[in-house]
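Encoded as structure tokens, the structure appears first; notes follow it.
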Amino acid sequence: MNAPERFTPNARFDQTALVLQGGGALGSYQGGVYQALSEAGVSPDWFAGISIGAINAAILAGNRPQDRLDKLTTFWDRVTHDDALAPFSMEDTVSRRTLGALSGLQTVARGIPGFFAPRVPSPWLSLPGSPRALSHYDTAPLRDTLLELVDFERINRGEVRLSLGAVNVRTGNFSFFDNHRMALGPEHVMASGALPPGFPPVEIEGEWFWDGGLVSNTPLSHVLDNASARSTLVFQVDLFSAFGPMPQHLFDVEERHKDITYSSRTRMNTNHFRQVHALRQAIGKLAERLPPEVLAEPEIAALADLAPTHAFSIVHLIYRRAAYDGPNKDYEFSRRSMRDHWRAGLNDARRTLRKDCWQNPPEPAEGIAVFDTNRAGVL
């Protein structure tokens with residue numbers, strides 16, 4: 001398939017953000033999306049991620065634009081493996097599901113090189129409260145991989161913005177690590193992907209953090225709440241779809257349960273933004289009718305400043321489950337599945353980039369427009 005015509009939305013929007021959801025092994029779909037964006041000349045100046053999305057985001061933000069795709073490919077080649085039985089497998093659903101189940105079992109038993117390794121002895125045999133007692137796997141290999149593939153000095157120079165979502169274990173509060181507010185290191189990326197009980201919590205400045213997906217599996221709300229540009233183009237790439245078929249057996253039930261739990265709730269986030277936006281519009285209209293001496297009062301001036309000045313176009317790309325997917329799809333790290341997911345992201349993004357419905361920013365008065373061009377157009 002030929003690459004789409006070169007299109008540079010950065011010239012039409014004041015800011016471009018790439019928002020990446022969590023989803024384990026499905027994260028290679030995001031790699032395909034980024035490849036298509038890169039082909040089309042889209043250069044995000046804000047990367048936001050949670051869990052595997054945080055890892056992908058850190059690799060992209062922590063490299064020169066011309067090196068990003070190579071580094072991302074290196075990561076996904078490293079953390080996936082070839083199945084010994086793959087050459088003898090058919091492409092039918094039963095064969096792929098069987099191999100996928102075996103691949104998932106291999107992940108559980110052996111871990112993933114460059115990512116995580118099983119704890120020996122078992123955490124059940126470790127002293128209560130010790131780091132070894134809090135997870136089934138050790139993620140030290142991921143730290144080494146991040147230090148190799150990510151230039152954290154580049155991230156902390158702030159050439160592009162990077163935001164990573166995590167959850168405070170003690171308070172249960174959602175937190176964002178943002179290089180516009182603090183220096184970031186590999187521990188911030190690891191904290192965003194520390195999904196219990198598989199992975200251990202990560203300590204940062206005396207507090208312990210788990211995977212941000214426990215509270216929200218997408219950092220979209222952080223981008224909506226913290227954007228300062230007049231117009232922002234957001235490419236939101238999700239790995240779990242809220243829409244899906246009725247389960248037919250228990251394996252389907254587990255997969256559907258996971259999809260619903262980790263889907264991004266984009267409709268909820270955007271509806272909330274629209275409600276707040278309408279309130280701000282009302283405040284702005286009221287402020288226009290007030291005399292200057294009233295507007296000069298500090299409390300009134302603070303309210304008047306809430307009038308909307310920002311607009312967002314959200315282009316929503318969602319991984320659509322393959323017929324062979326099962327409840328283990330997020331920890332099925334076979335190289336064949338990884339390449340399938342990458343190809344799906346590449347093709348979905350290429351189709352999206354050919355559309356013109358989202359290519360101009362809405363007016364601030366409109367607030368927000370959401371597009372899912374692979375499904376139903378404008379949401």
Side-chain angles (χ1 to χ4, degrees), residues 20-30 50-53 79-81 83 85-86 89-112 115-116 118 123-124 135-137 165 167 172 193-199 210-218 220 236-269 316-334 336-338 340-342 344-345 348 372 374-376 379:
L20 304 177
Q21 189 190 60
L26 298 175
S28 55
Y29 177 86
Q30 296 169 345
I50 287 175
S51 198
I52 196 66
V79 300
T80 54
H81 53 80
D83 290 315
L85 297 178
S89 169
M90 305 292 287
E91 285 297 326
D92 63 283
T93 300
V94 173
S95 298
R96 291 297 302 272
R97 279 204 168 194
T98 301
L99 280 181
L102 292 174
S103 177
L105 289 174
Q106 180 175 331
T107 299
V108 171
R110 301 180 183 177
I112 296 294
F115 199 162
F116 57 91
W124 298 108
S135 68
H136 293 288
Y137 299 95
V167 175
L195 185 65
F199 299 160
W210 270 331
D211 192 308
L214 295 177
V215 173
S216 174
N217 202 31
T218 180
L220 176 63
Q236 180 186 342
V237 189
D238 290 353
L239 304 177
F240 295 99
S241 176
F243 295 90
M246 182 67 187
Q248 301 298 308
H249 47 69
L250 283 178
F251 288 110
D252 289 346
V253 169
E254 179 59 27
E255 181 186 5
R256 191 74 195 106
H257 169 259
K258 192 173 289 187
D259 286 344
I260 293 172
T261 299
Y262 292 116
S263 62
S264 68
R265 308 294 192 275
T266 295
R267 175 86 62 174
M268 181 182 69
N269 285 323
H316 199 186
L317 293 125
I318 311 173
Y319 171 73
R320 311 294 178 185
R321 70 181 297 275
Y324 58 79
D325 280 339
N328 63 336
K329 62 187 178 184
D330 55 334
Y331 59 94
E332 200 271 274
F333 280 87
S334 71
R336 179 160 66 166
S337 291
M338 179 272 286
D340 285 348
H341 300 149
W342 188 293
D348 284 352
D372 182 354
N374 285 312
R375 186 172 166 272
L379 299 179

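Computation of the quantities below employed the complete heavy-atom set of this structure, encompassing side-chain atoms and omitting hydrogens, waters and symmetry-equivalent molecules.
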Main-chain N/O of [Y] paired to [X] side chain as donor or acceptor, under 3.5 Å:
X: Q106; Y: V108; value: no
X: T261; Y: H257; value: yes
X: N217; Y: G212; value: no
X: S28; Y: M338; value: yes

* Which one of T98, D92, T93 satisfies the side-chain hydrogen bond (donor to acceptor under 3.5 Å, both in side chains) criterion with S95? ->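 Of T98, D92, T93, side-chain hydrogen bond (donor to acceptor under 3.5 Å, both in side chains) with S95 is met by D92 alone.
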What pair of heavy atoms forms the shortest contact from [X] to [Y], and how long is it?
X: G198; Y: S135; answer: O-CB, 3.4 Å
X: Y262; Y: G213; answer: CE2-O, 3.8 Å
X: S241; Y: I318; answer: CB-CG2, 3.7 Å

* Going by atom types alone, do S334 and E332 pair a side-chain donor with an acceptor below 3.5 Å? ->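 On atom types as modelled, these side chains qualify, holding a pair under 3.5 Å.
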* **Flag for S337-D340: side-chain donor and acceptor within less than 3.5 Å** => no
Quick one: side chain to side chain donor-acceptor pair (under 3.5 Å) partners of [X], sequence neighbours excluded?
X: T80; answer: R335
X: R97; answer: none
X: S51; answer: D211

Heavy atoms, side chains only, cut-off 4.5 Å: are [X] and [Y] in contact?
X: R336; Y: S103; value: no
X: P118; Y: H136; value: no
X: T218; Y: S216; value: yes

* **Partner of R320 under salt bridge (charged side-chain N to carboxylate O under 4.0 Å, His left out), chosen from D348, D238, D325, D372** => D372
* **Residues which pass side-chain contact (heavy atoms from CB on, under 4.5 Å) with R256, listed by chain and number, not counting sequence neighbours** => P247, D259, I260
* Asked: Taking only residues two or more places apart in sequence or in another chain, which ones pass side-chain contact (heavy atoms from CB on, under 4.5 Å) with P196?
  ->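 P196 satisfies side-chain contact (heavy atoms from CB on, under 4.5 Å) with W210, L214 only.
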* Report the C-alpha distance between E254 and N328 in whole Å, list the side-chain angles of each, state the deciding distance to 0.1 Å, and finish with yes or no for side-chain contact (heavy atoms from CB on, under 4.5 Å). => CA-CA 9 Å; E254 179 59 27; N328 63 336; over 6 Å; no
* Measure centre to centre between the rings of F240 and Y319, then say whether the value is under 6.0 Å. =>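 Distance test on ring centres: not under 6.0 Å, no.
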* Applying salt bridge (charged side-chain N to carboxylate O under 4.0 Å, His left out), name anything that partners D330, two or more places apart in sequence or on another chain. =>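 Testing D330 for salt bridge (charged side-chain N to carboxylate O under 4.0 Å, His left out), a comparison that skips the adjacent residues, returns K258.
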* Asked: Checking side-chain contact (heavy atoms from CB on, under 4.5 Å) for the pair Y29/L317: CA distance, chi angles, key distance, verdict?
  -> CA-CA 10 Å; Y29 177 86; L317 293 125; 4.1 Å; yes
* In Å, rounded to the nearest 0.5 Å, how long is the span from NE2 of H341 to CD of Q30? -> 12.0 Å
* To the nearest 0.5 Å, tell me how far E255 CD sits from L250 CG. => 13.0 Å
* **L26/Y331 under side-chain contact (heavy atoms from CB on, under 4.5 Å): CA gap, chis, key distance, verdict** => CA-CA 8 Å; L26 298 175; Y331 59 94; over 6 Å; no
* To do: State which residues pass ring-ring contact (aromatic ring centres under 6.0 Å, His included) with Y324; sequence neighbours excluded, sorted by chain then number.
  =>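 Scan of Y324 (ring-ring contact (aromatic ring centres under 6.0 Å, His included), adjacent residues dropped) gives none.
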* Could I get the full list of ring-ring contact (aromatic ring centres under 6.0 Å, His included) partners for F333, not counting sequence neighbours? => none
* Show the numbers, then the answer: is there a side-chain contact (heavy atoms from CB on, under 4.5 Å) between T107 and H81? => CA-CA 10 Å; T107 299; H81 53 80; 4.2 Å; yes
